[in-house]
Amino acid sequence: MNILVIGSGGREHALCWKIAQSQMVDTLYCAPGNGGIADVATCVSLDPKDFDSVISFCNEMAIDFVVVGPEDPLVAGLVDRLTEESILAFGPTAGAAQLEGSKGFTKDVCAKYDIPTAAYGRFAKASDAKAYVEKQGAPIVVKADGLAAGKGVILAQTVDEALTAIDDIFGGAFGDAGAEVVVEEFLTGEEASFFVLCDGENTIPLATAQDHKAVGEGDTGPNTGGMGAYSPAPVMTDELCARVMDEIITPTVKAMADMGHPFKGVFFAGLMITNDGPKLIEYNVRFGDPECQVLMSRMTSDFVPLLVAAAKGELDGCTAEWNDNVALTVVMASKGYPGAYNKGEELSGLKAAERKTGATVFHAGTKLEDGILVTNGGRVLNITAQGATVTEAQKIAYEAVDTINWPGGFCRRDIGWRAIAREKGED
Ligand code: AMP
Ligand code: GLY
């Protein structure tokens, strides 16, 4: 089949890398893609927000299947539009993508279907949100309701901080995403991510991962899209995975079907493992970036039949297979990220790093300029390695990092630290 992947990040490079290995693929396209995706797919300069152009391209190139990577086109209804045009697509409809597009929507689903999550209030007026904060006290969490590129969450240590956050959100700090505010209980525990494919009715658990959101070592400093990740997440025992399926995922599948928005695609459940058991922090309705890189690295099944089965409602009886290794990815970012940074810096040594260490380099913000690979974003490369342990995978990943020549880049040197402490018996 001819397949089009939508997106341009490390996640889409990992998806294209995996999809390109399938016997089912005739031609693989990626729109718009990046400098590394160009090695495994034909990149096409389409704007994923311009649905008409996407549809015309699909018709012209006889695309049989579209895989949508990022949340924005999903929430905006790209899959609805492709379906209207009889083009098969992987990913939820706009109705089902509300699970990521509106935090208040998800909290209401949790309340109605008794899904464990932080206690919350949902507000359209600053005064009501503030009264709730005053009543609950701090620490407390204030969130812009809509999509805010991972930045709309304020973990307030004091009531004053929470009140300021409410003013900021209603004042327009996150644009339309801040038309409503969710205020919730501050949860404590260890975080993990759990990925589950769903065809509207049937589910298959994929794998678990843990990411590092903060820019600085020891998980300090401002939050980013993710500075590294590893899979599996050691905190997620088989017993906990089974509980998450029973207590969180299965009721969500039922809720979405009951509401007339059956969920087809991948659930990316952000979880807090608390003393009272697993609780849902949030849903994303697409693969994580960089979590996808470690998942694709470990998956041994052909992924295309699974993606197609999820889109067609035929997942019943399917399984996904994984190797027993740990995969770990280190993000190399432009100095300054998540603030201002340069673009257009030359990158070299990537292939040598892969040959020397066996690691895989997935590209995020890169592009080819007259045949030369240059930086084109904040997060630029994802150095992904496997090992029998997190310690071993980390060692290989940093050997590869040190082979790459890019003076303008930086990375965290402690990706996987919590799991490594566990392996050493320190946790
Ligand atoms: P979200 O975008 O909702 O995943 O939030 C971003 C990050 O904020 C999460 O990964 C958590 O680290 C943290 N967070 C969100 N909600 C809560 C909560 N209710 N309690 C504690 N931490 C939270
Ligand atoms: N790494 C977190 C995300 O993709 O949202």
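The closest side-chain heavy-atom distance from Asp64 to Ile3 is not below 4.5 Å. In this structure, Glu100 and Pro92 have side chains that are not in contact, with every pair of non-hydrogen atoms separated by 4.5 Å or more. By the 4.5 Å heavy-atom criterion applied to side chains, Thr319 and Ile204 are not counted as neighbours. Met259 has its side chain within reach of Val109: a pair of non-hydrogen atoms, C-beta onward, lies under 4.5 Å apart. In this structure, the side chains of Leu197 and Asp199 stay at 4.5 Å or more apart for every pair of heavy atoms. Looking at Glu71 and Asn284, their side chains never come closer than 4.5 Å, going by heavy atoms from C-beta outward. Taking the side chain as every heavy atom from C-beta outward, Ile383 and Met332 approach each other to under 4.5 Å. Contact of the Thr27 side chain with the Val25 side chain is not registered, since no non-hydrogen atoms from C-beta on lie closer than 4.5 Å.
In this structure, OH in Tyr230 is found 8.5 Å from CD1 in Ile420, a value given to the nearest 0.5 Å. One distance of note links NZ of Lys395 with CG of Leu328; it measures 13.5 Å at 0.5 Å rounding.
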Going through the checks in order, is the side-chain contact (heavy atoms from CB on, under 4.5 Å) test met by Ile154 and Val141? CA-CA 6 Å; Ile154 296 97; Val141 183; over 6 Å; no

Practice problem: Carefully, step by step, assess Thr83 and Glu85 under the rule side chain to side chain donor-acceptor pair (under 3.5 Å). | Solution: CA-CA 5 Å; Thr83 309; Glu85 306 281 342; over 6 Å; no

Please step through salt bridge (charged side-chain N to carboxylate O under 4.0 Å, His left out) for the pair Arg243 and Asp238, ending with a clear verdict. CA-CA 9 Å; Arg243 276 189 71 179; Asp238 289 348; over 6 Å; no

- Query: Is there a salt bridge (charged side-chain N to carboxylate O under 4.0 Å, His left out) between Lys356 and Glu399 once you walk through the steps?
  - Reply: CA-CA 9 Å; Lys356 185 173 156 202; Glu399 271 168 26; over 6 Å; no

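Considering Lys143, Lys103, Arg122 as possible partners of Glu180, the one that fulfils the salt bridge (Lys or Arg N to Asp or Glu O under 4.0 Å) test is Arg122.
Side-chain contact, Ser348 with Glu346: no donor N or O sits under 3.5 Å from an acceptor N or O. For the residue pair Ser334 and Lys343, no side-chain donor N or O sits within less than 3.5 Å of a side-chain acceptor on the partner. Side-chain contact of Thr391 with Glu423: a donor-acceptor pair under 3.5 Å is present, judged by distance alone. At a cut-off of 3.5 Å, with distance as the only test, no side-chain donor of Thr329 or Asn382 sits close to an acceptor on the other residue. Checking Asp145 against Ser102 by side-chain atom types alone, a donor-acceptor pair falls below 3.5 Å. Residues Asp258 and Tyr113 bring a donor and an acceptor atom of their side chains to less than 3.5 Å of each other. Counted by atom type alone, Asn323 and Gln386 present one or more donor-acceptor pairs between their side chains at under 3.5 Å. For Gln210 and Glu291, the side-chain atoms include no donor-acceptor pair closer than 3.5 Å. At a cut-off of 3.5 Å, with distance as the only test, a side-chain donor of His212 or Asp219 sits close to an acceptor on the other residue.
Evaluation of the side chain to side chain contact (heavy atoms under 4.5 Å, CB included) rule for Cys58 yields Leu4, Val54, Ile63, Val66, Leu82, Ile87 as partners, not counting sequence neighbours. Annotation: side chain to side chain contact (heavy atoms under 4.5 Å, CB included) contacts of Glu84 (sequence neighbours excluded): Arg81. By the ring pair (Phe, Tyr, Trp, His ring centres under 6.0 Å) test, Phe195 is found to be paired with Phe268, residues two or more places apart in sequence or in another chain being considered. Annotation: ring pair (Phe, Tyr, Trp, His ring centres under 6.0 Å) contacts of Trp17 (sequence neighbours excluded): Phe362. For Lys279, the side chain to side chain contact (heavy atoms under 4.5 Å, CB included) test picks out Pro116, Leu187, Thr274, Asp276, with sequence neighbours left out.
Comment: Glu217 does not engage Arg412 in a salt bridge, judged by the lack of any side-chain N to carboxylate O separation of less than 4.0 angstrom. A salt bridge does not link Asp108 to Lys112: none of the charged side-chain nitrogens sits closer than 4.0 Å to a carboxylate oxygen.
Enclosure of atom CG in Asp246 by more than 12 non-hydrogen atoms of other residues, nucleotides or ligands within 6.0 angstrom is indicated.
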Would you be so kind as to tabulate the donor-acceptor pairs closer than 3.5 Å made by side chains of residues 36-49, with sequence neighbours excluded?
unit_1, atom_1, unit_2, atom_2, d
Asp39, OD2, Lys351, NZ, 3.0
Asp47, OD1, Lys49, N, 2.9

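Closest non-hydrogen pair, Phe194 versus Pro205, comes out as CZ-CB, 4.0 Å. Taking every heavy atom of both residues into account, Cys318 and Ala309 meet most closely at SG-CB, 4.1 Å.
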